[in-house]
Amino acid sequence: MSEKNISEQILDKIKDVKPKPRWQFLLKDYIIWLAASLALIISSLAFAVVLYMMIDNDWDIYSNISNSLLEFVFLTLPYFWLLFLGAFILIAYYYFRHTKKGYKFSLSKIFLVSLAINIFIGAFLYNAGVGQAIDGIVAQRVPFYKELINRRQHIWSRVDDGLLGGVVVGIEDEHLSLEDMEGNIWIIQHFNTTTPNFINLQIGDHVRMIGQKIDSQNFKMYRIMPMRGMHWMKEHCPVDKEHCPFMNERKF
Amino acid sequence: MSDIVNKENLSDEQLVELTLENQEDFLYLINRYEAKLARYIKRIAGLGKEDTEDLLQEVFIKIYQNINNFDKDLKFSSWAYRITHNEVIDNYRKKQSRPQEMTFDAENILNNIISEFNISKELDHKYLQANISQVLNSLDLKYREVLVLKFLEEKEYKEISDILKKPMGTVATLISRAKKQFLQKMKEQEIKL
């Protein structure tokens with residue numbers, strides 16, 4: 001078969017073939033860019049939740065919760081959201097790599113740029129309260145979220161270790177009443193009546209307490225602090241919901 | 001006649017524009033790239049003459065079908081080589097077979113390899129010619145491909161990056177690893193340098 005024959009054969013074969021229209025390629029490019037951008041936005045949302053869970057954490061009393069700072073970090077790292085963030089950075093990388101010029105950039109460059117965008121948008125979303133809102137929505141709608149993903153509720157249910165969290169349902173001269181996160185009522189004996197946290201205490205406040213369990217209904221309180229993070233706890237408010245304030249709560 | 005001469009002097013990009021208006025003008029691009037792409041297919045896929053021609057036809061049909069997707073920031077040759085590369089890989093996957101033994105135009109590759117790999121020029125060329133094809137055949141496809149593009153097709157790093165759709169740094173790494181594997185295979189096959 002001569003070279004001329006090949007040329008002719010090709011021309012013969014393409015006689016009935018039309019080039020694919022330009023809009024098809026443009027549409028494909030736009031879809032890929034859209035997918036990459038969506039993945040980047042979703043990873044930024046995940047970053048906002050990570051920031052929220054890291055910042056609104058019990059840093060002020062980590063030594064009461066864990067033996068060391070490192071242990072506390074490992075205990076409270078938002079593993080699920082970090083995995084979610086990583087997965088969507090990878091998805092964004094995959095789609096960006098498939099854009100027309102995406103192949104020119106190395107994995108490390110795309111990863112660093114994605115991370116920078118995540119930090120920038122994620123910090124903005126965190127400040128706007130989006131991280132808190134996502135944590136709250138997911139906690140309400142996803143079964144096992146509180147048990148497996150945001151496990152801080154578990155920390156503040158460690159009554160045997162002297163950690164008790166819940167809502168103040170009664171304030172008397174000699175004791176407080178507190179409903180914990182499982183709905184049990186505790187009688188709280190207190191001594192430190194001069195701290196601002198205690199003086200300003202109101203019914204409906206969500207609080208963290210460090211102290212000592214006396215028996216199945218009584219708890220001796222050494223320190224009281226407003227609850228941080230876990231804003232979905234507001235849903236669990238045995239008194240008027242308008243009177244269940246939170247520290248660092250962001251209004252929308 | 002003068003029209004034909006004029007069109008033969010046009011750039012690839014101008015011929016692409018003409019092809020979009022008139023299918024017949026695609027012939028100029030075919031004539032310009034037929035031999036180059038056929039040689040490239042032979043070099044990386046090691047197909048026989050008929051299979052090479054069949055694949056070449058597929059390549060040109062793909063080029064024509066996708067001509068609206070030609071990115072003018074690229075050289076047309078890089079784009080055409082990229083489509084050829086993809087077709088060879090597709091063909092390789094469909095048939096699920098390793099590329100066959102292939103013969104290289106050993107004189108050409110020899111000169112390039114001698115200068116690139118610091119091989120003594122005093123060595124018997126016939127001896128090296130006889131063995132270099134054998135060494136290239138034994139390389140992994142990804143390494144053989146970059147060596148073919150760099151030393152036989154004499155493409156620049158940027159062109160190789162555009163053809164293989166890999167970052168320039170990755171191309172440099174692949175070439176470096178390919179050279180290492182090439183030298184290692186030469187040692188294994190007891191070919192004296």
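In the text below, chain A, chain B and the rest are named by the order of the sequence lines, each starting its count at 1. Bear in mind the structure is a predicted one, so any value in this text is a computation, not a measurement.
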- Task: Would you please test K75(B) and D162(B) for salt bridge (Lys or Arg N to Asp or Glu O under 4.0 Å) and show each step?
- Result: CA-CA 9 Å; K75(B) 279 184 170 181; D162(B) 291 334; over 6 Å; no

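- Annotation: maximal heavy-atom pairing with chain B below 4.5 Å, among R97(A), K28(A), K18(A), occurs at R97(A).
- Residue D73(B) touches chain A through its side chain alone, counting heavy-atom pairs closer than 4.5 Å.
- Between the side chains of D56(A) and Q132(A), not a single donor N or O lies within less than 3.5 Å of an accepting N or O.
- With chain A as the partner, the residue from E50(B), K158(B), R82(B) showing the most heavy-atom pairs under 4.5 Å is R82(B).
- Annotation: maximal heavy-atom pairing with chain A below 4.5 Å, among L56(B), N68(B), D71(B), occurs at N68(B).
- Side-chain contact check for Y62(A) and E71(A): no donor-acceptor pair (N or O, by modelled atom type) lies under 3.5 Å.
- In F80(A), the CZ atom is crowded: over 12 heavy atoms of neighbouring residues, nucleotides or ligands sit closer than 6.0 Å.
- With a threshold of 4.5 angstrom between heavy atoms, K109(A) does not approach chain B through any atom at all.
- Both the backbone and the side chain of S161(B) come within contact range of chain A, with heavy atoms under 4.5 Å apart.
- Looking at K13(A), only its side chain comes within 4.5 Å of chain B, counting heavy atoms on both sides.
- Of the listed residues (K166(B), M168(B), E58(B)), the one with the most heavy-atom contacts under 4.5 Å to chain A is K166(B).
- Within the 4.5 Å cutoff, side-chain heavy atoms of R22(A) are placed close to those of L20(B).
- Annotation: H98(A) is in aromatic contact with Y94(A) [ring centroid separation under 6.0 Å].
- Using a 3.5 Å distance cut-off with no hydrogens or angles, the side chains of D25(B) and T19(B) do not pair a donor with an acceptor.
- Residue contact with chain A, scored on non-hydrogen atoms closer than 4.5 Å, involves the side chain of I30(B) exclusively.
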